[in-house]
Amino acid sequence: MTCSVLFDFTVAVYTEAGTATTNKDYTHVSRNIPFSRDLSELVKIRIIDDDTVDHYREETFNVMLQNAPGVTQRIKPVRTPVTVVIRDNDVATFGLERASCKVDEAVTLRVCVVLHDMKRDCPVEFPFYLRLEARAVTATSGDHDANVTDITIGECSRSQCTNITVYDDSFLELDETFYISLLKLPNHDGRILLDVVEKTVTIEDNDTISIIFDDLTIAVEGFPVLVCLLIEGRPSSDCPSSFEIRVLLRTEDGTATSRGHFPDYVRQSRRLTIPVCAKDFCYNISTIDNLSVEYHEYFSVALTRGSNGDLNERINIPTPTQRCEILDDNIAVVEISALTNVLENRRLLNVCLNVRTPGPRLSCPVAFEFTVSIVKEDVTTDAADYDRSRVDVTFRPCVARQCIAVPIIDDCSLERDENFTISLEPEVGLTNRIITNDSLTVTIEDDDNTFIEMEHAVYRVFENASQIEVCSVIRPAGCKPSIDFPVRIYTRPDSAEATGLSADYVSAETNLIFSSSVNKACITIDILDNIQVEHLE
């Protein structure tokens, strides 16, 4: 049976919250609806799209009826509420702030997860969790925390950040790359979306190293030259470089070739590889002992970067060349050859100097020009038959023999044989390289003649004269004596009558001394008178 209401009445309609809490997705309604003879009235409740991921995926609210005040009890509203379900279809898209970045070592990398494409102040009504994972890409990557970090996006939060430490290991290495991955945890439904889920982080290594030469390199000829490189990074690092360093070592000529002969080292152009973590590296360059006496030589070693790619920009070579010196320890001996006996009238004595090395005979015993002085000194007192002047003999490079003429003075003076020595003195600064210990004693045989004769060939004297003086004199045509020398003068019979007891003179014999100041010497002979007539005696 259908009943109708023949009078006007009012029913109160209102909404009552269900699961909706903070942000309601409907408009609350609470109003009176007048009825007349119509049996139905339309009540509109606005459903709101708040662009927010609600706490509950489905929100509910109830629509309730009750009598308005003053309405007769004969109108009985149905008390059972009508439950309305609002299904939330909003989504929130979160992701990493940037897809890639570059950082230096020794920084704190701030990684942020941010909301994308939603304008509302409260994008998600409930907290949820995401996970960040850092994983290496390059094999040697170790300058970052390789960890897993869970981050909480709080209620109504639009972003959340966390820190990842980037270390500085203080050694030269390649730029490192690692990924930061953003993952969802199974604690929320599909209304949380991720769009930038991987971030590439490049750690740009800002360390540098310097390769420098060690101290000045010196080697003796025939022994290797040890060229050492020092690899210096930061003082705190025990490993300057985490990778092999390639360098090019090349020798450059110095004084060796400039003097016109082959160098005393083996020319090099080598690619060298310095091992990982090495703090020093040494390389031998062979030297050659050619046995010749030569100046100390030097050559240079040049160092350049090898094929290290982009790392070359961080490899410093402050001093690209190093001087290496080769000390020559060879010696040469200068010997004298000359006649040791020479006549005074020879006038010239040929003195030769011969250069040799202690080892095998060389075509070039001394490779540089040097001077040896010939020094002459008396052995006999006041020797005067040779030139005393000092003579410098210069040897050109590779010349092994030089001869000079030493003047011998023929002074036409009767004298004893003279002796003098010839010795050598090396050039200043070469006493240890040019050995001149040799010396030679030369005897000058005096070949001058002094002629002694009787002053008169015949002396006549009477027996009663009692004495006669007989003199010897130096002939002017000969050489004057410069020394004292005796001449024996004596008597001898010249006839039979001058012998025996009947001789009219007394036999005599003595030495007459001649010198440069005495050119006449006499002897007195006693004459006897036997008072007899006799032949001349």
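As the structure is a computational prediction, the values presented were derived from the model and not from experiment.
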For residues 311-320, dump all side-chain donor-acceptor pairs below 3.5 Å to protein atoms at least two apart in sequence or in another chain.
from, atom 1, to, atom 2, distance (Å)
Asn312, OD1, Asn308, ND2, 2.9
Asn312, ND2, Gly306, O, 2.8
Arg314, NE, Asp205, O, 3.4
Arg314, NH1, Asp205, O, 3.2
Arg314, NH1, Asp205, OD2, 2.2
Arg314, NH1, Asp207, O, 3.1
Arg314, NH2, Glu173, O, 2.9

Using atom types as modelled and distance alone, determine if a side-chain donor or acceptor of Glu198 lies under 3.5 Å from a backbone N or O of Ser100.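 It does not hold such a pair.
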Nearest 0.5 Å please: distance from the [atom1] atom of [X] over to the [atom2] atom of [Y].
{"X": "Asp264", "Y": "His296", "atom1": "CG", "atom2": "NE2", "result": "12.0 Å"}
{"X": "Glu252", "Y": "Arg267", "atom1": "CD", "atom2": "CZ", "result": "11.5 Å"}
{"X": "Tyr295", "Y": "Glu369", "atom1": "OH", "atom2": "CD", "result": "7.5 Å"}
{"X": "Leu229", "Y": "Leu303", "atom1": "CG", "atom2": "CG", "result": "5.5 Å"}
{"X": "Ile45", "Y": "Ile48", "atom1": "CD1", "atom2": "CD1", "result": "11.5 Å"}
{"X": "His28", "Y": "Glu16", "atom1": "NE2", "atom2": "CD", "result": "9.5 Å"}

4.5 Å side-chain heavy-atom contact, [X] and [Y]:
{"X": "Ile47", "Y": "Phe61", "answer": "yes"}
{"X": "Phe370", "Y": "Val355", "answer": "yes"}
{"X": "Val111", "Y": "Val201", "answer": "no"}
{"X": "Lys376", "Y": "Ser389", "answer": "yes"}
{"X": "Leu424", "Y": "Ile374", "answer": "yes"}
{"X": "Lys184", "Y": "Leu130", "answer": "yes"}
{"X": "Arg323", "Y": "Thr321", "answer": "no"}

Return the orientation label for the Phe128 and Phe94 ring planes: parallel under 30°, perpendicular over 60°, tilted otherwise.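 It falls in the perpendicular class, over 60°.
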Between His55 and Phe126, how do the two ring planes meet: parallel, tilted or perpendicular, split at 30° and 60°? perpendicular
Show the nearest heavy-atom pair for residues [X] and [Y], with the distance to one decimal.
{"X": "Asp90", "Y": "Val53", "answer": "O-CG2, 3.8 Å"}
{"X": "Leu96", "Y": "Leu182", "answer": "N-CD2, 4.0 Å"}
{"X": "Ile209", "Y": "Gly233", "answer": "CG2-CA, 4.2 Å"}
{"X": "Pro224", "Y": "Thr287", "answer": "N-OG1, 4.3 Å"}
{"X": "Ile331", "Y": "Val293", "answer": "C-CG2, 3.2 Å"}
{"X": "Cys101", "Y": "Leu109", "answer": "SG-CD1, 4.2 Å"}

Apply side chain to side chain contact (heavy atoms under 4.5 Å, CB included) to Asp280 and Asp214, showing your working. CA-CA 9 Å; Asp280 54 59; Asp214 204 351; over 6 Å; no
Answer yes or no: is there an ion pair linking Asp54 with Arg191, defined by an N-O contact shorter than 4.0 Å? no
Tyr265 and side chain to side chain contact (heavy atoms under 4.5 Å, CB included): which partner among Val301, Ile288, Asp253?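 Checked Val301, Ile288, Asp253 against Tyr265; only one passes side chain to side chain contact (heavy atoms under 4.5 Å, CB included): Asp253.
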Phe243: which residues meet the ring-ring contact (aromatic ring centres under 6.0 Å, His included) condition with it, sequence neighbours left out? none
Taking atom types as modelled, is there a side-chain donor on Asn62 or Tyr14 under 3.5 Å from an acceptor on the other? no
